[in-house]
Amino acid sequence: MAKKLCGTNYPTSICFIVVNEFCERFSFYGMKAVLTLYFLTYLHWDKDLSTAIYHAFSSLAYFTPILGALIADSWLGKFKTIIYLSIVYVIGHVVKSVGAIPTVGSSDVHIALSMVGLILIALGTGGIKPCVAAFGGDQFDEHSISERQKFFSIFYMSINAGSLLSTVVTPILRGDVQCFGGDCYALAFGVPAALMVVALVVFIAGSSLYKKSPPQGNILLEVCNCIGFAIKNRWRSSKRGPSRPHWLDWAEEKYSKRLIQEIKMVLRVLVLYIPLPMFWALFDQQGSRWTLQATRMNMAFVRPMLNALLILVFVPIFDLIIYPLVRLCRINVTSKNLTIEVTYSGHTSECLQKFEQEKTYSLMVFPSEGGVQCQLPRALNLTVGDATFHVNAGYSMSPNMTVDRGHLETEMGSYLDLGLLDFGASYTIILEEKSGTIGVTKIEDVKANNVHIAWQIPQYVLITAGEVMFSITGLEFSYSQAPANMKSVLQAGWLLTVAFGNVIVLIVAEGAGLEQWKEFLLFAGLLLGVCVIFSIMSYFYTYVDPDQLDKIHQEGSGKEEEDDNYTKTIPNEMKLNKRQKSTKL
């Protein structure tokens, strides 16, 4: 009998699992919080490549749960799988941290170490992810349904508590602590590595309290063989013999009805998951596109902090207030432009146009005098950041290039500080050369917008409310609807929706070539369509109770007796009927 926590029905062992998850999520999200900026400022990759690699890493981290689930359910069991892959996880963090030390090799070495480290981290975090959630669910007795549902809420709160703390700490370590003459990425990656070591130690410390289910053999191979046999047998017998209620029933000649029923249960859930990647495709851009957008507003780390903080507030509100009220009521659950006109010695004008969704300036240089275009007596160079605009004598306009916000430098080597160029404003800036120096006069023709950034908070409230209802329910639903020997596999199936969501972003970011506002609108429109499709699919889904199937199996012995028991019992009690102990699908 498992020890209970303070006289409740909660096993003491879940304390170690929750603390382990907190430390592991601090480790993962702390590293991930500065990853995009690391690509941009340390490895000097462009925005599209940084976004692509970021989502490729995220995809890999959510594809590897399948591997972890197979190892756990078929070979090592959940406990040993978590320990061994956590060691791989720690090694990945260490390699990643070493790759961020400027004195270690050339830029190629840094890139190689970073990629190796990220691959190991993806293998470690993805491998243990389905096992930890399922292992936590295993600690509860079959009658503790309500406690197990609340555990998944507490489990998700620990995820976001770790995320919240890490998104505060690691950016400070990166920016405020100077090492090797610049931002200290080595320390920002090293602290998450240390937290992963703590996570591993805490998990091992609770070893004597855990309820450990032994692996059930190579269940995935058996499932694949059963499906293959059913398809082949149905094809051979399609023109002769009576039809059967389900195409998997054609495997009854070789496989037990219990296994066939379990496969039906898993496939029905996996089909239900098909539309869900679009949610994560939009949501996970908080760490890439939204970070790049927020960086130029000094808001890069406020957004994920706000999301994690709101989750910690919303989870108890939904569990203790909103969901009970829903059950009581019996309810089934335009871009802004910035224009600057600059006159240089009465001969040239520079026009900068800033689009809010890009957070960049588009600079054109053209000669003018009294509002009339004219030829320059000599060539002129103007530089903003890394972009140089060259106007040849006798030509009317320079090429158009997009640049980051920065100082304006003339060919004479002078730096011109234009001050804050705010959103929605229009400026006239006059540059005058006197005694070899250039003076700047800035006139604000149209006042800047004064919409406070706090107006983004309602948007984050809605996004976070959606995440609470979507993600926690998905974790608990995946566990409750899975047979005992496939719980890690179905958890991995749920996590695959995140992987495919990141693949969608990767394809759009690299292949579509859309303007940023069009890209955001595309994802929002697709998600709206997915909501409609998923609502229809979930309406026709009926809940099952895998524990009932296990009881039937335990009462029988051998394939024939098991099948007899199954045949007598399933049609009336188990055949995909709705049950009272439903989740919040």
Side-chain angles (χ1 to χ4, degrees), residues 1-5 9-21 24 65-86 126-152 154-155 200 202-223 256 258-259 261-263 265-266 269 475-495 544-557 562 581 583:
M1 181 68 68
K3 293 183 180 179
K4 301 298 182 180
L5 186 63
N9 285 329
Y10 292 92
T12 306
S13 56
I14 67 170
C15 296
F16 294 90
I17 295 173
V18 169
V19 174
N20 164 267
E21 186 66 13
E24 189 272 328
I66 286 292
L67 178 61
L70 293 179
I71 295 173
D73 285 347
S74 304
W75 181 26
L76 294 178
K78 300 182 187 74
F79 177 72
K80 290 183 178 179
T81 300
I82 293 171
I83 291 178
Y84 293 156
L85 290 181
S86 292
I128 69 174
K129 194 180 293 289
C131 303
V132 176
F135 191 64
D138 288 346
Q139 307 306 306
F140 291 85
D141 300 329
E142 63 182 37
H143 302 296
S144 303
I145 302 297
S146 176
E147 288 80 4
R148 189 178 66 201
Q149 288 181 344
K150 287 183 173 61
F151 160 75
F152 282 108
I154 297 170
F155 185 81
L200 178 58
V202 168
F203 184 77
I204 295 175
S207 175
S208 61
L209 300 174
Y210 297 139
K211 183 192 295 183
K212 304 170 187 174
S213 302
Q216 302 292 319
N218 197 338
I219 186 65
L220 184 65
L221 179 61
E222 191 174 7
V223 167
S256 68
R258 176 178 183 267
L259 176 63
Q261 181 63 25
E262 288 175 342
I263 297 173
M265 293 161 58
V266 171
V269 175
L475 281 172
E476 195 274 332
F477 176 78
S478 299
Y479 184 89
S480 68
Q481 296 297 283
N485 58 347
M486 298 187 194
K487 292 193 180 294
S488 293
V489 170
L490 203 49
Q491 287 285 329
W494 166 254
L495 295 171
V544 295
D545 189 353
D547 294 335
Q548 187 177 349
L549 186 62
D550 292 334
K551 288 180 182 178
I552 297 169
H553 174 64
Q554 290 171 3
E555 292 171 359
S557 61
E562 175 189 341
K581 299 180 292 185
T583 61

Could you walk me through whether Phe151 and Tyr479 pass the side chain to side chain contact (heavy atoms under 4.5 Å, CB included) check? CA-CA 12 Å; Phe151 160 75; Tyr479 184 89; over 6 Å; no

- Task: Quick one: do Gln149 and Ser480 satisfy side chain to side chain contact (heavy atoms under 4.5 Å, CB included)? Show the steps, please.
- Result: CA-CA 9 Å; Gln149 288 181 344; Ser480 68; over 6 Å; no

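Scanning all heavy atoms of the two residues, the minimum distance from Ser478 to Leu490 falls at O-CD2, 3.4 Å. Across every non-hydrogen atom of Ala133 and Gln491, the tightest pair is CB-OE1, 3.7 Å. Scanning all heavy atoms of the two residues, the minimum distance from Ile128 to Thr81 falls at CG2-O, 4.3 Å. Taking all atoms of both residues into account, the shortest heavy-atom contact from Ile17 to Gly136 is CD1-CA, 3.7 Å. The minimum heavy-atom distance linking Pro11 with Ile14 is given by the pair O-CG1, 3.1 Å. What you find for Phe155 and Val132 is that their closest heavy atoms are CE1-CG1, 3.6 Å.
Distance check, rounded to the nearest 0.5 Å: CD of Gln139 to CD of Glu147 gives 14.5 Å. Atom CG of residue Leu76 and atom CD1 of residue Ile82 lie 11.5 Å apart, to the nearest 0.5 angstrom. Here the NZ-CG distance, from Lys211 to Asp141, works out to 4.5 Å after rounding to the nearest 0.5 Å. Lys80 contributes atom NZ, which lies 13.5 Å from atom CD1 of Ile71 (distance to the nearest 0.5 angstrom).
Here salt bridge (Lys or Arg N to Asp or Glu O under 4.0 Å) pairs that include residues 129-140, with residues two or more places apart or in two chains, are Lys78-Asp138.
Phe140 and Phe152 have their aromatic ring centers separated by at least 6.0 angstrom.
The side-chain hydrogen bond (donor to acceptor under 3.5 Å, both in side chains) check on Lys212 picks up Ser207, with sequence neighbours excluded.
Residues Val202 and Glu24 are not in side-chain contact: their nearest non-hydrogen atoms beyond the backbone lie 4.5 Å or more apart. Residues Met265 and Pro483 meet the side-chain proximity criterion, which asks for heavy atoms closer than 4.5 Å.
A donor-acceptor contact shorter than 3.5 Å is absent between the side chain of Tyr210 and the backbone of Phe79.
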